[in-house]
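Presented below is the structure to which this report refers.
Being a predicted model, the structure only gives us computed values, none of them experimental. Each chain gets a letter, A, B and so on, in the order the sequences are listed, and its residues count up from 1.
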Amino acid sequence: MSGNRPWLAPLLSLVFLAVFVGLWHLGTRTSVGEVIVDPEYAALIGAAAATGGQSAMPGPGDVVAKLWEHVTDPFYDRGTNDKGIGIQLGHSIARVLIGFGLAALVAVPLGFVIGMSPLVYKALDPFIQILKPISPLAWMPLALYTIKDSNISAIFVIFICSLWPMLINTAFGVASVRRDWLNVARTLEVSRLRTAFQVILPAAAPTIMTGMRISVGIAWLVIVAAEMLVGGTGIGYFVWNEWNNLSIANIISAILFIGLIGMVLDNSLARLGRAVTYKE
Amino acid sequence: MTQHFLQVEGLAKRFPGARGKDDLTVFENIHFGIEKGEFACIIGHSGCGKTTILNVLAGLDQASDGVVIMDGKEISGPSLDRGVVFQGHALLPWLSTLKNVEFGVRSRWPGWSAKEVEAHSTRYLEMVGLGQALHKKPSELSGGMKQRVGIARAFAIQPKMLLLDEPFGALDALTRGTIQDELLSIVQATHQTVFMITHDVDEAILLADKILLMSNGPYARIAEIVEVTMPRDRTRSTIHHDPQYYRIRNHLVDFLVNRSADYAGASLEGHDPRHPPVVRPGLGGGGQVAQVVELPRPAHQGDKLSPKPSVSHASL
């Protein structure tokens with residue numbers, strides 16, 4: 001159906017967007033509210049609050065204007081609480097990549113060992129089962145107390161939440177390498193190290209990449225919450241700061257950027273995954 | 001006691017039984033020998049442990065009892081001396097045809113340069129008619145081509161012995177015939193020693209010098225060794241004109257259909273698993289299968305005496 005009309009789906013997307021923006025616009029139309037408080041008090045608390053019934057929810061136009069502001073000047077730095085959204089996103093991405101990278105360095109080799117040795121698997125399984133379902137944020141106080149550095153604590157939280165999917169997927173991928181392929185390596189007297197790198201790793205690579213993709217997705221979810229807690233820099237802190245400023249337009253802009261970056265992260269790992277996928 | 005090139009002595013495989021039950025003995029008392037340059041096929045119903053025997057020969061599996069000696073050395077693990085062609089071809093799907101063969105060649109001759117490895121591997125792929133498909137991935141090849149790559153990979157390491165586990169089982173009849181011809185000509189040219197599992201009686205007669213008949217499991221054993229007495233320069237297109245062909249074929253089918261279950265459990269009267277009777281049904285007159293194979297021997301009679309001229313006993 002959509003085969004011969006490839007423009008149909010994008011068109012429908014645009015229609016959905018238009019309907020959504022239209023409803024949003026209708027919902028936030030500014031009605032000139034009458035001043036319901038004492039004029040002197042109104043002057044004191046500011047015009048916005050003085051309009052009483054009017055909400056702080058911006059219309060689509062306000063958000064687009066705000067977005068444009070952010071896009072044209074993403075890297076300004078006017079002190080602790082006023083940095084460009086590009087700088088904030090940069091901090092978050094850096095934390096995610098460092099935490100994720102460290103987790104990969106631990107999870108892939110450890111997953112290899114677990115996958116190759118049923119004994120180690122059985123020995124570590126209870127720990128993994130208990131540690132895996134813990135919300136990464138629950139580690140935060142422990143991390144802050146022991147590490148005594150909010151930035152490193154945030155990275156630790158990312159590390160912890162990225163670890164499990166990669167660990168479990170690597171172990172599963174390694175354990176389910178086809179017996180035949182291992183037998184081929186054995187009959188050809190291929191050394192254990194060469195077998196690990198030239199048979200098991202490529203055979204398990206698609207499963208490992210799937211684990212990485214899940215991990216990076218979770219890491220990007222968690223970083224926002226983590227930064228709301230630790231503060232200082234990052235997109236999570238930005239969102240919380242703008243909540244304190246009651247600048248909903250800024251929050252919506254930040255939400256859109258978070259979604260965008262998450263999509264880019266996911267897509268790049270999906271692409272890497274396709275590069276190592278083989279057809280049997 | 002003559003030493004065969006490959007000597008299997010008293011091989012047995014038992015699996016520990018579930019709680020309170022006896023061990024399950026798949027086969028025991030397996031004795032046979034294969035000479036250098038000989039092509040041996042093993043035939044038997046599913047579950048008699050053929051693949052286990054092959055895996056023990058390959059060094060991939062451990063027997064519960066018995067030893068296997070090849071070229072004067074006991075087999076204790078996998079070795080480049082024995083090339084294996086797996087039932088499901090077992091090619092590494094992320095490597096091209098050429099790289100799959102190179103994988104083994106590099107392991108066999110670690111000192112070779114990349115160029116030497118490639119030239120050697122290419123030669124063996126050309127031998128199985130895959131010179132045009134060097135850089136294709138296994139997923140782009142047909143089933144027959146994949147199995148050819150598996151054969152090339154096994155031949156390329158120039159093993160002392162080739163082990164084939166039902167290599168053509170998954171192929172259609174036409175492809176199977178073509179690859180059988182190819183294998184036949186390669187083996188005839190290289191005088192490769194081969195041990196092969198098959199379910200196909202015709203395939204066994206075409207390829208083998210001798211056919212080991214296995215009785216049904218559990219307690220499977222080598223029931224008989226059938227020598228294929230037809231001249232070695234056989235071809236698939238003419239073999240069935242040889243008068244021996246149907247005599248051998250009838251004998252094999254008769255064994256598989258009627259007699260393979262007789263050996264289970266208690267040993268058949270007069271059957272000595274250490275010296276399974278060697279029969280040559282191809283030479284028997286009139287093709288009377290029953291005549292050829294009957295082997296009631298009074299106990300304690302001289303080993304070399306056999307009631308029919310076409311029946312003798314393997315002397316180990």
- request: Select one option (side chain, backbone, both, neither) describing which atoms of A:Arg179 are under 4.5 Å from chain B's heavy atoms.
  value: neither

- prompt: Non-hydrogen atoms of chain B under 4.5 Å away: do they reach the side chain of A:Ala205, the backbone, both or neither?
  reply: neither

Can you find a heavy atom in the side chain of [X] that is under 4.5 Å from one in the side chain of [Y]?
X	Y	value
B:Leu60	A:Thr187	yes
B:Leu91	A:Trp181	no
A:Tyr278	B:Ser139	no
B:Trp94	A:Thr277	no

Are there over 12 heavy-atom neighbours, none belonging to [X], within less than 6.0 Å of that residue's [atom1]?
X	atom1	result
A:Phe172	CZ	no
A:His70	NE2	yes
A:Glu280	CD	yes
B:Gln188	CD	yes

message: Please classify the contact of B:Ile157 with chain A as side chain, backbone, both or neither, using a heavy-atom distance under 4.5 Å.
response: side chain

Among [options], which residue has the highest count of heavy-atom pairs closer than 4.5 Å to chain A?
options	answer
B:Ala90, B:Ala154, B:Ala58, B:Gly59	B:Ala90
B:Gly88, B:Ser79, B:Gly77	B:Ser79
B:Arg153, B:His89, B:Arg106	B:Arg153

task: Keeping the roles fixed (side chain from B:Ser107, backbone from A:Leu188), state whether a donor-acceptor pair exists under 3.5 Å.
output: yes

- prompt: If you count heavy-atom pairs under 4.5 Å with chain B, which of A:Lys279, A:Gln198, A:Arg186 comes out on top?
  reply: A:Arg186

statement: Nearest heavy-atom contact between A:Val199 and B:Phe103 is CG2-CZ, 3.6 Å

